[in-house]
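Here is the structure we will look at, set down as structure tokens.
By convention in this document, chain letters (A, B, ...) are assigned in the order of the sequence lines, proteins followed by strands, and residues within each chain are numbered from 1. Model, not experiment: these values are computed from the prediction.
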Number of protein chains: 2
Amino acid sequence: MTDVISTSRDADRFWSRIANELAQAIGQGVYAPGVRLPSEHSLAQQFGVNRHTIRRSLASLVQRGLVNASQGRGTFVASFAVELVLGKRTRHRHSLRHAGLRGALQVLKSALVEAGSDEAKALCVPEGSALLYLQVLGEGAGQPLHVSERFFPLPRFANLAQEVHNTGSISEAFARHGVADYLRQESRISARLPEKDVAELLAQSVSRPALLVTSVNVDTEGVPIEFSKAWFAGDRVTLTVNHHDS
Amino acid sequence: MTDVISTSRDADRFWSRIANELAQAIGQGVYAPGVRLPSEHSLAQQFGVNRHTIRRSLASLVQRGLVNASQGRGTFVASFAVELVLGKRTRHRHSLRHAGLRGALQVLKSALVEAGSDEAKALCVPEGSALLYLQVLGEGAGQPLHVSERFFPLPRFANLAQEVHNTGSISEAFARHGVADYLRQESRISARLPEKDVAELLAQSVSRPALLVTSVNVDTEGVPIEFSKAWFAGDRVTLTVNHHDS
DNA sequence: CGATATTTGTCCGTATGTATA
DNA sequence: GTATACATACGGACAAATATC
């Protein structure tokens, strides 16, 4: 007898079936964003399978970005999406305001470094030149949106770190250094999976894509004033490139 | 005695160590692109661990896009990276030529469709208007680089599909429809994990990031002539946005 | 074509380590 | 310190897809 094997053909594998069932439950809000899922042990009992089978299902959900697992704490449901504008005059604040959000920049690290080949080329300075290095976290809607490494030529922007810290804004800090206006020269965009450290700062899984944007800002004279490598949380951010510009 | 636990602190976990070792071997060409890795059983013996530990390592490599596993056949090493320019005047051919590559467009599907809300808004036509729909695959270096869905307003570009097919170029097809020049208005870029069908067309894993670029092209009069959603293979493509433009 | 071996995929069971509450 | 929960690793068994003879 060609018996009914499964009501729908989504039976597939146990772990896959369970993953889909959990994903659906999450989608329907049975498990809301931020909520802890039942423990692996408990899920294993619920579904009547081995704990490893549940682990396989959860691994799939982590990979799909639906949940984040944290050793010793539990497995939690994830979230969101924000649109940022990338143009000649990109300002973090303005982008966010445009998206109806408030946000600020936070200086995570500040240091004096020597220019490597990439930085030197971008900023048009000799290799080994002294640069100001900032690691900056950008937030919006209470969530990290991007984390960036920024390099500034040094005699000129010696006190920038403090200003960024005080004002929570790069453009404002520039303004206080006499740079009232500046332009973005070029942006290189790629989709990458973030390293663990970046992923943690972005509060996203290492298996979720991020946008890596490297860019150079120049002052109105065309002199490079900043080279940056910024990681954007792919799940929460869409970049919009304005070609005719504003 | 505080004995030496490991020569370097990269010991981490076995599976991670093994994964990195294999990744390095792949990077050094010990295992060249396309080559089959030793079987899990064999690797387990080589590294003196359980097969499941090797499987965990290989899962990591698959996830990182370094290898592809195929049931019954084996696990094979993967490949590449190309840079494409995104500007006011984006032309697939020119981008590739810039990257030192030759490539052509291939029309996968062609159909008449009604404008959905997105397409209608982008092309400034009423919803339900007749549009030409093309699914196009872009290749370079013998590999798929992007796959796109493109919508064209219809009375105007009735014969475009044939022209694209003949010339292997959108811009050339436009030219033959009397559009000698056109501009890109805006591009929205996000990092996404591709669906299975897109991933297959791009010949990449569903767990590897892709760049989704939606954009509108307008003719010199500012009339929208094309709305497109293009998926770029994240592992092989970097987009460069030229803000001052050429 | 069929039979068999190989190779990856799934699942169960157990034990131990490690981070957190 | 204790309990909980996730992480790693080992072991075995069988299924499914493929390759080979």
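Atom-to-atom, CZ of Arg73(B) to P of dT8(C) comes out at 11 Å; the value is rounded to the nearest Å. Rounded to whole Å, the distance from CG on Asn50(A) to P on dC14(D) is 17 Å. In this entry the distance linking CZ of Arg36(B) with P of dT18(D) reads 14 Å, nearest Å. We find that CZ of Arg17(B) is positioned 11 Å from P of dA9(D), with the value rounded to whole Å. Taking atom CZ of residue Phe47(B) and atom C1' of nucleotide dC10(D), one finds them 18 Å apart after rounding to whole Å. Rounded to an integer number of Å, the gap from Leu61(A) CG to dC6(D) P is 13 Å. Put simply, CZ on Phe14(B) is 16 Å from C1' on dG11(D), counting in whole angstrom units. Put simply, NE2 on His41(B) is 12 Å from P on dG11(D), counting in whole angstrom units.
Base pairing annotation: dT4(D) forms a Watson-Crick or G-U wobble pair with dA19(C), both donor-acceptor distances under 3.5 Å.
The nucleotide whose nearest atom lies closest to any side-chain atom of Val49(A) is, among dC12(C), dT20(C), dT8(C), dC12(C).
Donor-acceptor pairing under 3.5 Å is lacking for the side chains of Ser169(A) and Thr167(A). Side-chain atoms of Ser148(B) and Ser228(B) form no donor-acceptor pair, as typed in the model, at a separation below 3.5 Å. A side-chain N or O of Arg73(A) and one of Ser70(A) form a donor-acceptor pair less than 3.5 Å apart.
You won't find any donor-acceptor pair under 3.5 Å spanning the side chain of Arg13(B) and the base of dG17(C), going by distance alone. Residue side chain Gln71(B) reaches the base of dA16(D) through a donor-acceptor N/O pair under 3.5 Å, judged by distance alone. For Glu40(B) and dT8(C), a side-chain-to-base donor-acceptor distance below 3.5 Å is absent, hydrogens and geometry of angles not being considered. Between the side chain of Arg51(B) and the base of dA9(D) there is no donor-acceptor pair of N/O atoms closer than 3.5 Å.
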Given side chain to side chain donor-acceptor pair (under 3.5 Å), test Gln24(A) with Asn20(A) step by step and report yes or no. CA-CA 6 Å; Gln24(A) 204 177 342; Asn20(A) 287 334; over 6 Å; no

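Gln45(B) places no side-chain N or O within 3.5 Å of a backbone atom of Ser42(B) that could act as its donor or acceptor partner.
Taking the six-membered ring where the residue is Trp, the centroids of Phe76(B) and Tyr31(B) are separated by 6.0 Å or more.
Near DNA chain D, defined here as any heavy-atom distance below 4.0 Å, the residues from residues 52-60 of chain A are His52(A), Arg55(A), listed numerically.
Enclosure of atom CD in Glu195(B) is not indicated, since only 12 or fewer non-hydrogen atoms of other residues, nucleotides or ligands lie within 6.0 angstrom.
Between Ser70(A) and dC6(D), a side-chain N or O to OP1/OP2 separation shorter than 4.0 Å is absent.
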